[in-house]
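Single-structure report; data block below.
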Amino acid sequence: MKMIEASHVFYEYVQRDENDNIEEVSMALKDLNLSVDKGSFVCILGHNGSGKSTFAKLLNGLQLPKEGTVLISGMDTREDSSLLAIRKSCGMVFQNPDNQIIANVVEEDVAFGPENLGLQSDEIVRRVDEALEKVGMSAFRMKSPNMLSGGQKQRVAIAGVVAMKPECIVLDEPTAMLDPSGRRDVIRTVRELNKKEGITIVHITHYMEEAVYADRIVVMDDGKAVMDGTPREIFSRVEELRELSLSVPQATELAHELRKEGLPLPEGILTMEELLQYLVPLMKNKGTGGGKNA
Amino acid sequence: MLRDITIGQYYPVSSPLHRLDPRTKLAGTMLYLLSLFMTDRLTGYLIATVFLFTVIRLSRVPFRFMVKGLKAIILLLALSVSFNMFLTPGRELFRLGFISITYEGLFTAAFMAIRLVYLVLGSSIMTLTTTPNALTDGLEKSLGFMKRFGVPVHEIAMMMSIALRFIPILVEETDKIMKAQTARGADFESGGLIKKARAMVPLLVPLFISAFRRALDLSMAMEARCYHGGEGRTKMKPLRYGKNDRIAYVIVIIYFIVMGSTNLLPF
């Protein structure tokens, strides 16, 4: 069974004026088909308004598709009776860390989900311990969230989801409001959860550097999935991405430009290290051959 | 200036009082406040004084923190003392022009002052030794019976704790908006009361908009984490009475009875 299976999904936002007349209807999702395997790490890219956040909210029944179906582990998000089970198995982390922390103490916030599930106190304590350990925030357990940095708050929010023992975590631009070091911490945490715990990750972002770590990238544009493949495949298509007003990771872009200038570099270089691996031998060859450009 | 506001006035030390169940402290404080109004004998006040200062010692909160709370009632204190002193009829002690001070007036004023001060001290002990969260929890649990009368106790407690969480965030935001507007020439400092109040309008509008946006975000985040009201919800740390709570209840009740019976004494 697939973790997520969205088929022929349509979603529209209706804007009404004061008299409840329809002013504007905008289609956020148009016939979207997308499925995600269990245990995979999928990155969804797209510029603002491409429908990626809307898609995220469909994944745990916060919003319901106008047409089509969204199945989470085979459960239909439209079934009221399975809504809690869906939200339990598919947790969600949002963009603004401040607006998703409910309690005044870190451990109480992490406990919020398990408390809603009606678990026994000792089981809740165990899960809070575990979850904080997994995101590396155990030392901050008794602190007030207001004392934490953005990255730390976001890891607390992740712990809050982890404590519900989900099969899948959907992260909706979790790093958009963070500084570079906070961003790194969050990404590392998410990757570890995927590798060690086998939790399926759906990461929505517009930082290309973050997408490099995914097993699979889905590019969304105008409410549809327009590109789908491994990071290497996707980032080899630099010109296509540019047309969708998306950039590529810095290393990929540099390699692409160098290739255009005639250097024999392969497409789809993702990181600086990789680029160096190809560039250093080239420079050495040049050095011994011509001697002029070394 | 806005950052100076502290919410709740919890004083984080470890003391037997801090460890009591919030319900015990709520009930104890209520009984203590009641007891102050039950007696009008000197003995009563003496007992109340001894009780109060023992509890203060037990709480390990420095005395000057307690006194801080008194600042807020100085005006009220001065007013009630002078009314009682000057307006109580009785045996005249001395006269200053048209003002006369009586023995009875002096006594009532003194007792009134003591009562007020003890009221404030007594309730600050509770807020100083109980985190706002524990307090909300305690209120939710002890007012739980009101659910039967259709009072949404859980929802109110949840709102209180969310409000506590968001006060510092909104304060920070107000500060930010204020600075942004000052940078563009807004003036919050000068002018009379009306002008100042008017200057607040462009501050409040963006603040409200952002508060609503946060509320929407937060409610979504709560739903995403399976929140579905108080039904079927458990607690990580459910309130449980311990041995100390039973002892505290016994002490407070004995104190209360003693205070009530002081009225039978001649003085």
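A quick note: this is a predicted structure, and the numbers were derived from the prediction, not measured.
Within residues 110-134 of chain A, the residues approaching chain B closer than 4.5 Å by heavy atoms are, in numerical order, A:Val110, A:Ala111, A:Phe112, A:Gly113, A:Pro114, A:Glu115, A:Asn116, A:Leu117, A:Gly118, A:Leu119, A:Ser121, A:Ile124, A:Val125, A:Val128.
Heavy atoms of A:Leu84 lying under 4.5 Å from chain B belong to its backbone as well as its side chain. Looking at B:Leu218, both its backbone and its side chain come within 4.5 Å of chain A, counting heavy atoms on both sides. Of the two parts of A:Ile101, the backbone and the side chain both hold a non-hydrogen atom closer than 4.5 Å to a non-hydrogen atom of chain B. Residue A:Gln95: no heavy atom, backbone or side chain, is found under 4.5 Å from chain B. Using a 4.5 Å cut-off between heavy atoms, A:Ala157 makes no contact with chain B at all. Using a 4.5 Å cut-off between heavy atoms, A:Asn60 touches chain B through its side chain atoms alone. Contacts between A:Asp109 and chain B at a heavy-atom distance below 4.5 Å involve backbone atoms as well as side-chain atoms.
Minimum interatomic distance between A:Asn146 and B:Pro168 (heavy atoms only, all atoms of both residues): ND2-CG, 3.2 Å.
The number of heavy atoms from other shown groups lying within 6.0 Å of CE (B:Met30) does not exceed 12. Heavy atoms of other residues, nucleotides or ligands lying less than 6.0 angstrom from CZ of B:Phe212 number 12 at most. The environment of NZ in B:Lys147 is sparse: at most 12 heavy-atom neighbours from other residues, nucleotides or ligands sit within 6.0 Å. Applying the 6.0 Å contact sphere to CZ of A:Arg16 captures more than 12 heavy atoms from other residues, nucleotides or ligands. In this structure, A:Arg78 places its CZ atom where more than 12 heavy-atom neighbours from other residues, nucleotides or ligands lie under 6.0 Å away. Residue-environment remark: CZ (B:Arg19) exceeds the threshold of 12 foreign heavy atoms within 6.0 Å.
Taking the side chain as every heavy atom from C-beta outward, B:Asp217 and A:Gln100 never approach each other to under 4.5 Å. Between A:Arg87 and B:Arg225 the shortest side-chain heavy-atom distance does not fall below 4.5 Å. With contacts defined as side-chain heavy-atom distances shorter than 4.5 Å, the pair B:Met220/A:Lys57 qualifies.
A salt bridge is defined here as a Lys NZ or Arg NE, NH1 or NH2 lying under 4.0 Å from an Asp or Glu carboxylate O, and A:Glu108 with B:Arg165 fails to meet this definition.
Put simply, of A:Asn96, A:Asp98, A:Val170, the one with the most heavy-atom pairs under 4.5 Å next to chain B is A:Asp98. Between chain A and the residues B:Gly229, B:Ala215, B:Cys226, the most heavy-atom pairs under 4.5 angstrom are made by B:Cys226.
One distance of note links OH of B:Tyr227 with CD1 of A:Ile102; it measures 9.5 Å at 0.5 Å rounding. Note that the CD1 atom of B:Ile169 and the CG atom of A:Asn99 stand 7.0 Å from one another [nearest 0.5 Å].
For A:Ser181, the side chain to side chain contact (heavy atoms under 4.5 Å, CB included) partners at least two apart in sequence or on another chain are A:Asp179, A:Arg184.
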